[in-house]
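Remarks on the structure that follows.
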Protein chains: 2
Amino acid sequence: MEFSDAKQKFIQSWGALGSQWGINKTMAQIHAFLMISPESVSMEEIMDELKISRGNASMNLRALIDWGIVYKDYKQGERREYFYAEKDLDEMAIKISRERTKREIKPALKVLKEVSSIPANKTTKEKHFKQQTTSLYKFVAKADNALEKITEYNDNWLGKLLKKLIT
Amino acid sequence: MEFSDAKQKFIQSWGALGSQWGINKTMAQIHAFLMISPESVSMEEIMDELKISRGNASMNLRALIDWGIVYKDYKQGERREYFYAEKDLDEMAIKISRERTKREIKPALKVLKEVSSIPANKTTKEKHFKQQTTSLYKFVAKADNALEKITEYNDNWLGKLLKKLIT
DNA sequence: TTGAATTTTCAAAAAAAAATGAAAGTTTAG
DNA sequence: CTAAACTTTCATTTTTTTTTGAAAATTCAA
């Protein structure tokens with residue numbers, strides 16, 4: 001396979017994967033492009049490479065920065081901003097995990113705690129509801145906990161996790 | 001909080017969560033409704049409760065069945081089909097994990113293997129591309145492996161994982 | 001300051017995804 | 001078989017999400 005085909009394929013696939021993960025396609029594509037760029041890259045170049053508008057590039061770059069997986073770079077005597085991706089995969093995965101936890105798991109826990117607190121009496125339906133949402137709360141809380149512990153190591157967490165799993 | 005409010009809130013929130021995870025809202029809502037239903041439920045009831053069309057209900061129920069987290073139930077002497085959700089949360093999480101792995105991680109690995117196989121020579125860009133996609137491949141493969149190991153226990157995997165993490 | 005270079009914002013347009021509903025298909029009791 | 005009961009399909013419509021692009025805002029060198 002040619003380099004340019006490989007690059008294209010990688011960017012497209014990363015974009016498609018992003019969509020499945022609730023991240024928009026362009027955001028994932030910009031991320032892919034930055035990951036494979038050895039130097040930091042201007043918005044202009046990104047627009048050009050991905051054939052997207054300035055507004056789109058600007059908004060999605062900001063989102064990536066908010067997620068903490070892309071950084072700005074200022075070059076000596078230049079107005080223009082340059083961007084580069086977090087390239088340490090451990091670090092990247094931890095940041096994504098933390099962000100998703102904050103945005104998705106924490107709010108879910110809040111709701112589960114709330115709805116599982118209804119009085120347990122009355123109908124079978126109510127009892128069952130309380131019971132199910134309570135287990136769900138416990139389960140999600142436990143998972144959240146596990147995730148926190150796993151990424152706590154920071155350095156080479158995935159390797160360490162694997163080691164623990166083997167024994 | 002009233003039971004009916006709690007139920008509403010749970011279904012709505014589960015639906016919203018689904019969207020963030022690349023699962024469509026209705027599918028997640030049907031799943032939520034089934035999880036809190038003590039008895040298996042007909043399509044009619046689902047349509048009624050969630051205010052959705054027959055076609056929508058039919059398609060999303062099928063998707064849930066494909067994922068292996070909802071089952072059909074046939075009642076003695078009745079034409080109508082009834083549905084119920086997998087209620088064992090360990091089992092449910094394992095099924096979701098397996099399905100997502102199959103649909104997302106495996107194809108991603110295939111692409112990463114492919115694109116990281118370009119010849120390593122020539123420009124810095126090409127070298128960097130090869131290097132990045134190779135690390136990415138290794139990382140994702142490792143994560144896939146860990147996930148497989150974690151869910152391998154089947155019974156109470158989350159509890160067991162947590163125990164391993166503590167030591 | 002000023003103004004050119006650059007980025008951000010956001011209303012409108014376009015694209016993508018999801019939902020509808022009626023017709024077609026399937027199943028089974030009689 | 002037949003027909004009623006029920007489910008599935010899919011072209012069309014609706015809703016949601018994403019993208020565009022031009023105007024407004026910002027930044028900084030001179």
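Residue numbering restarts at 1 for every chain, and letters A, B, ... go by the order of the sequence lines.
- Between the CG atom of A:D48 and the P atom of D:dT20 there is a distance of 13 Å, given to the nearest Å.
- Residue A:M47 contributes atom CE, which lies 12 Å from atom P of C:dT6 at whole-angstrom precision.
- A residue-by-residue look at A:G55 and B:E81 shows that B:E81 has its nearest nucleotide of DNA chain D further toward the 5' end.
- If you take CD of A:E44 and C1' of D:dG21, they are 14 Å apart, rounded to a whole angstrom.
- Using a 4.0 Å cut-off between a side-chain N of Lys or Arg and a carboxylate O of Asp or Glu, A:K7 and A:E49 qualify as a salt bridge.
- The cationic atom of A:R100 (NZ for Lys, CZ for Arg) lies less than 6.0 Å from the six-membered ring centre of B:W21 and within 45° of the ring axis.
- Note that B:K125 lies outside the cation-pi zone of A:F3, set by a 6.0 Å cut-off to the ring centre and a 45° limit from the axis.
- In this structure, OH of A:Y82 is placed 14 Å from C1' of C:dT7, rounded to the nearest angstrom.
- Across the protein-nucleic acid pair, B:R54 atom CZ and C:dA24 atom P stand 17 Å apart, rounded to whole Å.
- Counting to the nearest Å, the C1' atom of C:dT7 and the CD1 atom of A:I52 are 14 Å from each other.
- Spacing between atom CE of A:M59 and atom C1' of C:dT7 amounts to 13 Å, rounded to whole angstrom units.
- With the nearest nucleotide of DNA chain C identified for both B:A57 and A:R80, A:R80 has the one nearer the 5' end.
- Remark: the B:R79 side chain and the C:dT28 base include no donor-acceptor N/O pair separated by less than 3.5 Å.
- One can place CG of A:N56 at 13 Å from P of C:dT8, the figure rounded to the nearest angstrom.
- Across residues 18-30 of chain B, B:N24, B:T26 each have a non-hydrogen atom less than 4.0 Å from an atom of DNA chain C (numbered order).
- No salt bridge links B:K149 with B:E152; every basic N to acidic carboxylate O contact stays at or beyond 4.0 Å.
- Hydrophobic clustering (side-chain heavy atoms under 4.5 Å, transitive across Ile, Leu, Val, Met, Phe, Trp, Tyr) groups B:I30 together with B:M43.
- Two residues, A:E78 and A:R62, neighbour DNA chain C, and the one matched to the more 5' nucleotide by heavy-atom proximity is A:E78.
- Comparing B:M43 and A:Y74 by the nucleotide of DNA chain D whose heavy atom lies nearest to each, the residue mapping closer to the 5' end is B:M43.
- The number of heavy atoms from other shown groups lying within 6.0 Å of CD (A:E2) does not exceed 12.
- The existence of a salt bridge linking A:E44 and A:R54 is confirmed by a sub-4.0 Å separation between a basic side-chain nitrogen and an acidic carboxylate oxygen.
- Distances from the side chain of A:S53 to the nucleotides C:dT7, D:dT19, D:dT8 place D:dT19 closest.
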